[in-house]
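Sequence lines set the chain letters: A, B, ... in the order given, protein chains first and strands last, and positions in each chain run from 1. Every heavy atom of this structure was used, including side-chain atoms; hydrogens, water molecules and symmetry mates were not.
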Number of protein chains: 2
Amino acid sequence: MNELDITDRKILTLLQRDGRMSNADLADAVNLSPSACLRRVKRLEDDGYIDGYAMLVNQAAVGKPTNVFVEITLRSLSEETVDAFEHAVINCPDVRGCYLMSGDADYLLRIACAGPEGYEHIHRNYLSRMPGVSRIRSSFALRTVCKKTGVKMADI
Amino acid sequence: MNELDITDRKILTLLQRDGRMSNADLADAVNLSPSACLRRVKRLEDDGYIDGYAMLVNQAAVGKPTNVFVEITLRSLSEETVDAFEHAVINCPDVRGCYLMSGDADYLLRIACAGPEGYEHIHRNYLSRMPGVSRIRSSFALRTVCKKTGVKMADI
DNA sequence: GGTGAAAGAAAGATAGC
DNA sequence: GCTATCTTTCTTTCACC
């Protein structure tokens with residue numbers, strides 16, 4: 001992977017903002033011909049800069065307005081404990097992100113749910129049943145101040 | 001906003017997975033004519049179910065492989081302190097998410113950066129300069145176990 | 001909700017710098 | 001090596017049933 005030039009970074013910035021903009025408009029915005037622009041996008045895709053394209057659904061509109069951050073500590077960090085736990089996490093439908101952490105807890109999860117009742121359901125049916133868990137600490141988000149799917153490109 | 005039927009939920013699920021799939025293919029997948037399918041998508045957009053469409057950039061590929069979760073406590077939660085702080089957060093380019101929290105700390109931020117050195121830069125130039133901050137506690141993610149942009153629809 | 005026609009966009013081939 | 005233009009093909013979008 002070689003460096004991204006300013007045009008590449010502009011393309012990434014614009015498509016992060018609107019993943020459905022037409023190639024013609026994109027080409028216009030970065031001062032390229034449509035074919036040259038499309039070739040750059042394909043190259044960025046092929047070189048692994050792009051994980052995909054997604055519709056962003058409004059969590060609240062589809063009944064999951066509440067975000068809960070859950071710190072989880074395992075009984076051990078042996079390979080099998082970790083594998084079993086992570087497998088369970090990945091298959092939990094309402095886990096929107098999971099990170100192996102430094103610090104007190106081993107994992108941090110973000111869960112989207114239908115209020116405290118919705119969280120109780122997830123806690124009872126998923127979290128408390130996950131293998132190897134020794135401690136669960138939940139913190140509710142009272143409000144989302146900001147949420148960005150895009151990564152800021154340098155110098156843009 | 002009335003209920004979403006099974007077809008609406010299928011549409012949302014498919015477009016969350018691939019925000020650029022053609023309307024023709026989408027219509028085919030949900031057994032509708034292209035025009036009927038497009039009408040549904042437009043209705044979902046107009047009714048606020050959809051926040052937008054985005055290209056998902058690979059954080060690591062563009063030089064920001066590291067996620068840091070930052071708990072921030074303010075000196076007070078007066079309206080002006082909160083407003084000034086949140087304004088600063090929203091304008092910090094590497095903050096990928098910020099939530100007002102219950103629990104010990106007032107805010108939880110996720111930051112994407114170029115390793116510990118990158119985080120030090122953000123800490124020095126942004127976080128430590130944010131107004132009203134009394135305490136900052138940073139936890140580094142060692143690995144991303146999973147990350148989902150999509151919301152799970154019921155019964156699909 | 002479906003059909004069909006017109007407008008528009010994408011993808012590939014070709015030619016020029 | 002790169003890019004622009006042209007043409008075919010597919011898709012979107014609209015009016016109408």
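- If you take CG of A:Leu15 and P of C:dA10, they are 11 Å apart, rounded to a whole angstrom.
- You'll find the side chain of B:Val145 reaches within 4.5 Å of the side chain of B:Arg143, heavy atoms only.
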Let me have the donor-acceptor pairs involving side chains of residues 148-156 of chain B, under 3.5 Å, with sequence neighbours excluded, atom names and distances please.
{"residue": "B:Lys148", "atom": "NZ", "partner": "A:Cys92", "partner atom": "O", "Å": "3.1"}
{"residue": "B:Lys148", "atom": "NZ", "partner": "A:Val95", "partner atom": "O", "Å": "3.1"}
{"residue": "B:Lys152", "atom": "NZ", "partner": "B:Ile156", "partner atom": "O", "Å": "3.0"}

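- Residues B:Thr144 and B:Lys147 are in side-chain contact: their nearest non-hydrogen atoms beyond the backbone lie under 4.5 Å apart.
- The shortest heavy-atom contact between A:Gln16 and B:Ala54 is O-CB, 3.4 Å.
- For A:Thr81 and A:Ser76, the side-chain atoms include at least one donor-acceptor pair closer than 3.5 Å.
- In this structure the side chain of B:Asp28 never reaches within 4.5 angstrom of the side chain of B:Leu26, judged on heavy atoms.
- With axes fitted over five pairs at each extremity, the angle between the ends of the helix from C:dG1-D:dC17 to C:dC17-D:dG1 is 30° (10° resolution).
- With no hydrogens or angles considered, no side-chain donor-acceptor pair links B:Tyr119 and B:Thr66 at under 3.5 Å.
- Aromatic ring pairs are classed by plane angle as parallel below 30°, tilted from 30° to 60° and perpendicular above 60°; the pair B:Phe69 and A:Tyr99 is perpendicular.
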Detail all sub-3.5 Å separations between protein N/O atoms and N/O atoms belonging to nucleotides 10-14 of chain D.
{"residue": "D:dT12", "atom": "OP1", "partner": "B:Asn23", "partner atom": "N", "Å": "2.6"}
{"residue": "D:dT12", "atom": "OP2", "partner": "B:Asn23", "partner atom": "N", "Å": "2.8"}
{"residue": "D:dT12", "atom": "OP2", "partner": "B:Ala24", "partner atom": "N", "Å": "2.9"}

